[in-house]
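Some notes on the structure that comes next.
Quick caveat: nothing in here was measured; it's all calculated off a predicted structure. Within every chain, numbering begins at 1; the chains are lettered A, B, ... in the order of the sequence lines, protein sequences first and strands thereafter.
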Amino acid sequence: MTVYFNNVYINDYITMISSLDRDVTVKNDVDILVDDFYYKSKKITSAEAMYQKEVVNKLLSKNNLSYKKIDLLVGGDLENQLSATNKTASILKIPFLGTYSACATFVESLIIGAVFLSSKKINNTIVVSSSHNLVCERQFRYPIEYGSKKSKTNTFTLTGAASSLLTNKKSRVKIESATIGKVVDIGYKNVNNIGAVMASSCAETLYSHFEETNRKYNYYDLILTGDLGKYGINIMLEYLNKKYSVKLKKVKDAGSNIYNLKKYNDIAGASGPICLPIYLFSKVLKNKKYKKILIVGTGSLHSSDTSKLKESIPSVSHAISLEVIE
Amino acid sequence: MKIEEYMEIVKNNSEKENKLFNTFMAFISGGVISLVGEIIFFILTNHFNFSPNTGYTIVTIIFIVVACVLTGLSVFDNIAHKFKAGVLIPITGFAHSMSSSAMDNNDEGFVFGMGSNMFKLGGTVIIYGVISSFIFAFIKGVFL
């Protein structure tokens, strides 16, 4: 399902990352770099809300806006029942819609904000998302300090947050269209290989996007996926080739490029809903050669119980077409 | 696409875990821990003249304390990643699982947080250890 938008622009964005455990390649390009899992809090669960509050407040102050002038806040995170984003929304006092599609949350929130703006029901919106490594480990895997066996296909959840301001006012980055993905459950069960879980839905969404927009496969200067990881990206390309005979080029994965995988060869990449916005805002948009960009957020829709119950894991991917206007 | 075909694609695009290396590291690390235990036991019984039973108890206590302290200092999980499962099989692993679970749920209070979650990972060992002891004792007592 592809929707086209009228006059929706990304006016500004703030990225924040904590690089405590591992070195990130974007450390000189993000707006806020910290080294603290407990950022301004006593508990890690409140720290994630503090990350979100920081990026939204900086976005507001940078654009001389107060929270009263913002019509809508859309966002989500990986914590149970969106606890972190709910807490942020209660502090910020902006009308709030919470979204969840795991690591595709930021892209889903951008789509929802863009639909409201395009139909002129609101004047502006702020989209926010975050993730915290320790909170995810504790919720989905084992206790934080437990030395469980990590396989090579495991990804390392980023700690940080990202926010962006969307309005109808013309700016450098335009949101041109979006393809809302269908949930794909191919029967795959290994929760330690998230890249393989998400590759199928990423491929299906990409195929739907090109079919519905009737664009050629070399239309975009860059296709940026969220966090498929170094194995997932190859699985996705082979799936597309085998099922639809499509050979996609100029594809990059944000998660595989945030950590230097030659240095950290024990993981498949970074993961979390903020992989895509951090890489997009810090690296891709600063590169002038990318004028037409397709971002695909990928999400693995498993709960903490899915792997224990030995059920297959569904996944979803959403795509947004961006145009950079100089 | 059928799941079998998808599994084929996943298999083509993944690296194999080095099971031989992991097994070797587990063998060495488990062996080293046991050797250290034997050396301490020898010192306790020969130089300090403890009885064998007291010696075993003291060695066990030393392992548990060391494992818990290293877990608290956030060092034990790095050791486990490097030296594989050999450090998790002896009593050190059980103490590590209990202390890491307790640390995790510290925020939720003593009763419903730390107390009820401490045996989250280690509870299995106790339950099935007791059940299997019962079964083997029954077999030994009745049939042998």
Side-chain angles (χ1 to χ4, degrees), chain A residues 20-21 37-38 41-46 134-135 137-139 141-154 184-190 192-200 203-204 228-244 261 265-268 312, chain B residues 1-19 22 25-26 29 67-88 92-108 113-114 117-122:
Chain A
L20 196 67
D21 269 5
F37 278 135
Y38 287 86
S41 323
K42 283 187 180 166
K43 303 181 186 183
I44 48 175
T45 40
S46 347
L134 301 185
V135 169
E137 283 291 312
R138 190 177 132 169
Q139 191 175 288
R141 299 187 187 110
Y142 290 105
I144 296 165
E145 289 303 326
Y146 190 64
S148 60
K149 173 86 178 67
K150 294 252 195 287
S151 57
K152 287 189 178 176
T153 49
N154 271 126
V184 173
D185 187 353
I186 207 166
Y188 191 72
K189 291 185 184 179
N190 185 6
N192 286 318
N193 193 349
I194 293 287
V197 172
M198 301 188 293
S200 50
E204 295 290 345
L228 289 175
K230 69 178 178 190
Y231 305 113
I233 188 86
N234 294 329
I235 297 173
M236 190 273 287
L237 291 170
E238 194 174 325
Y239 178 104
L240 258 178
N241 194 9
K242 274 206 167 142
K243 189 167 180 189
Y244 298 114
L261 291 181
N265 57 1
D266 54 338
I267 50 166
S312 61
Chain B
M1 185 184 281
K2 288 198 174 155
I3 179 67
E4 294 84 15
E5 208 181 330
Y6 193 71
M7 292 301 280
E8 196 56 47
I9 299 178
V10 174
K11 196 175 160 192
N12 287 343
N13 290 295
S14 47
E15 257 176 67
K16 274 199 170 156
E17 305 281 339
N18 198 345
K19 285 192 177 158
N22 292 348
M25 285 305 282
S29 57
C68 289
V69 168
L70 288 179
T71 307
L73 294 173
S74 189
V75 168
F76 199 98
D77 54 346
N78 299 334
I79 297 174
H81 287 149
K82 223 176 185 172
F83 297 104
K84 315 294 171 192
V87 300
L88 293 178
T92 44
F94 192 72
H96 169 64
S97 72
M98 275 184 70
S99 47
S100 58
S101 306
M103 278 169 68
D104 231 32
N105 295 292
N106 189 23
D107 299 336
E108 295 158 37
M114 210 163 86
N117 284 301
M118 233 193 226
F119 281 99
K120 198 160 67 171
L121 296 172

Going through the distances and angles, do Lys230(A) and Glu15(B) end up as a side-chain contact (heavy atoms from CB on, under 4.5 Å)? CA-CA 11 Å; Lys230(A) 69 178 178 190; Glu15(B) 257 176 67; 4.2 Å; yes

Checking heavy atoms, do the side chain of Leu88(B), its backbone, both or neither come under 4.5 Å from chain A? side chain

Parallel, tilted or perpendicular, judged at 30° and 60°: which one describes the rings of Tyr6(B) and Tyr188(A)? perpendicular

Has the side chain of Asp104(B) got a donor or acceptor atom that lies under 3.5 Å from a matching backbone atom of Ile144(A)? yes

Measure distances from Ser200(A) to the heavy atoms of chain B and classify the residue's part below 4.5 Å as side chain, backbone, both or neither. both

Picking from Ser99(B), Ser74(B), Ser97(B), which has the most non-hydrogen pairs under 4.5 angstrom with chain A? Ser74(B)

Does any heavy atom of chain B fall under 4.5 Å from the side chain of Lys42(A), the backbone, both, or neither of them? neither

Start with the C-alpha distance between Lys149(A) and Asn22(B), add both sets of side-chain angles, then the distance that settles side-chain contact (heavy atoms from CB on, under 4.5 Å), and finish with yes or no. CA-CA 10 Å; Lys149(A) 173 86 178 67; Asn22(B) 292 348; 3.6 Å; yes

Under 4.5 Å heavy-atom distance to chain A, tell me which part of Asn12(B) shows up: side chain, backbone, both or neither. side chain

Is Ala268(A) close to chain B through its backbone or its side chain, or both, or neither, when contacts mean heavy atoms under 4.5 Å? neither

Side chain / backbone / both / neither for Met1(B) at chain A, heavy atoms under 4.5 Å: both

Where Lys152(A) and Lys16(B) come nearest, the two heavy atoms and their spacing: NZ-O, 4.0 Å

Residue pair Ser151(A) / Glu17(B): nearest heavy atoms and the distance that separates them: CB-OE2, 3.2 Å

So which of Asn193(A), Asn190(A), Ile44(A), Asn234(A) has the biggest tally of heavy-atom pairs under 4.5 Å with chain B? Asn234(A)

Closest non-hydrogen atoms of Pro143(A) and Ser100(B), given as atom of the first, atom of the second and distance, are CB-O, 3.7 Å

Separation of Glu145(A) CD from Leu73(B) CG (nearest 0.5 Å): 9.5 Å

Taking all non-hydrogen atoms of both residues, which atom of Arg138(A) and which atom of Asp107(B) are closest, and how far apart? NH1-OD2, 4.1 Å

